[in-house]
Amino acid sequence: MSEFEKWEFGCLKWCEFASQLGVTRITNAKLELPKYSWGFSERYPNIPKRLLGNRNFAGYHLMIVDGKVSGGPSIPEECLKLPGFHATVDWALIAHSSYLPFNTIGGQERGVAQVKLRLELKEIGIGDGKWALESSLTKTGAPPRCKACGSQEHDREDCPVWPPGIGEALGNNSDLRWRLKRSVELEGYPETDWGVPIFSDMTAQQKQDFKGLLGH
């Protein structure tokens with residue numbers, strides 16, 4: 001793929017790029033892969049049909065099994081059965097805020113905005129108000145947590161979500177260039193500097209249209 005090629009979030013080319021990037025970063029980290037049994041998957045429901053193409057769904061996966069790392073624009077059952085990070089996130093909620101796969105730049109700012117967005121949607125009966133990465137946000141005065149996933153139930157060295165070595169290999173992506181093309185379906189909506197929609201700032205018509213993008 002071209003070093004400077006860009007794609008819209010969730011399209012097949014983007015999912016291929018994201019999975020290939022993950023495989024490359026884990027491989028280049030020179031980890032003892034046989035000691036890992038881990039999976040990552042993201043599925044993006046309610047993606048515009050023009051971006052879905054001929055696929056049954058949009059998403060991708062990474063996994064480490066028997067000392068081998070693999071990935072692709074699919075989500076095998078084998079991957080879902082592995083401990084790790086598995087999420088289903090409506091396309092419109094993260095399409096413009098997915099700065100780069102595996103990059104913590106702007107993560108705190110995006111995370112706070114995502115929590116606010118989900119709570120506002122919960123108030124009108126959409127979703128449960130939770131964000132998959134909410135526990136990883138820095139909170140002043142909070143009890144000790146795993147630095148990778150935010151759980152209070154285990155220490156960093158025992159994290160099943162982002163095992164030591166894997167989390168660092170993926171989270172420290174130094175490629176800071178914007179990899180995404182903006183999507184016309186989301187243009188015109190108020191959003192934060194990191195591309196998270198601001199539901200409370202939308203007009204009544206925009207709120208109605210945004211709900212439609214979420215399948216409601």
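Since we're looking at a predicted model, the values are computed, not measured.
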Taking the basic N atoms (NZ, or NE/NH1/NH2) and the acidic carboxylate oxygens, is any pair closer than 4.0 Å for Lys13 and Glu5?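 No, this pair does not count.
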Between Arg182 and Glu191, does any NZ, NE, NH1 or NH2 come within less than 4.0 Å of an OD or OE carboxylate oxygen?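 Yes.
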What is the distance from atom [atom1] of [X] to atom [atom2] of [Y], rounded to the nearest 0.5 Å?
X: Ser41; Y: Leu80; atom1: OG; atom2: CG; result: 4.5 Å
X: Phe210; Y: Ile198; atom1: CZ; atom2: CD1; result: 11.0 Å
X: Leu51; Y: Cys11; atom1: CG; atom2: SG; result: 6.5 Å
X: Ile75; Y: Asn56; atom1: CD1; atom2: CG; result: 11.5 Å
X: Glu109; Y: Thr192; atom1: CD; atom2: OG1; result: 9.0 Å
X: Ile26; Y: Ile166; atom1: CD1; atom2: CD1; result: 4.5 Å

Going by heavy atoms in the side chains, are [X] and [Y] under 4.5 Å from each other?
X: Trp162; Y: Trp38; result: yes
X: His61; Y: Glu42; result: no
X: Met63; Y: Val69; result: no
X: Trp14; Y: Pro101; result: yes
X: Tyr189; Y: Met202; result: yes
X: Cys146; Y: Asp155; result: no

Strictly distance-based, threshold 3.5 Å: is any side-chain N or O of [X] a donor or acceptor partner for the main-chain N or O of [Y]?
X: Ser19; Y: Glu16; answer: yes
X: Asp128; Y: Lys130; answer: yes
X: His96; Y: Ala92; answer: no
X: Asn46; Y: Asp90; answer: no
X: Asn103; Y: Ile105; answer: yes

Are Phe9 and Tyr44 an aromatic pair, judged by ring center distance below 6.0 Å?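 Yes; Phe9 has its ring centre under 6.0 Å from that of Tyr44.
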Is there a path from [X] to [Y] through hydrophobic residues (I, L, V, M, F, W, Y) whose side chains come within less than 4.5 Å of each other?
X: Phe102; Y: Val23; answer: yes
X: Leu62; Y: Phe57; answer: no
X: Leu82; Y: Leu31; answer: no
X: Val65; Y: Phe40; answer: no
X: Phe17; Y: Leu180; answer: yes

Which heavy atom of [X] sits nearest a heavy atom of [Y], and at what distance?
X: Ser183; Y: Glu8; answer: OG-OE1, 2.7 Å
X: Gly10; Y: Ala58; answer: O-CB, 3.7 Å
X: Asp201; Y: Gln206; answer: O-OE1, 4.4 Å
X: Cys79; Y: His86; answer: O-CE1, 3.1 Å
X: Leu186; Y: Ala95; answer: CD1-CB, 3.5 Å
X: Pro163; Y: Glu168; answer: O-OE1, 4.2 Å

For [X], does the [atom1] atom sit with more than 12 other heavy atoms under 6.0 Å from it, leaving out its own atoms?
X: Asp66; atom1: CG; value: no
X: Glu187; atom1: CD; value: yes
X: Glu153; atom1: CD; value: no
X: Asn28; atom1: CG; value: yes

Checking Leu214 against Leu121 for the side chain to side chain contact (heavy atoms under 4.5 Å, CB included) test, could you report, in this order, the C-alpha distance in whole Å, the side-chain angles of both residues, the deciding distance, and whether it holds? CA-CA 10 Å; Leu214 299 176; Leu121 290 173; 3.9 Å; yes
Could you list the residues that satisfy side-chain contact (heavy atoms from CB on, under 4.5 Å) with Arg25, not counting sequence neighbours?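 By the side-chain contact (heavy atoms from CB on, under 4.5 Å) rule, Arg25 matches Leu21, Leu170, Asn173.
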Side chains of Arg110 and Gln114: do they bring a donor and an acceptor to under 3.5 Å?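 Their side chains do not contain a donor-acceptor pair, so the 3.5 Å distance test is not met.
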Under the side-chain hydrogen bond (donor to acceptor under 3.5 Å, both in side chains) rule, what pairs show up with a residue in residues 207-216, not counting sequence neighbours?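 Listed once each, the pairs are Gln205-Asp209.
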Check against salt bridge (Lys or Arg N to Asp or Glu O under 4.0 Å), Glu120 and Lys116: CA-CA 6 Å; Glu120 290 180 346; Lys116 179 177 182 290; 2.8 Å; yes
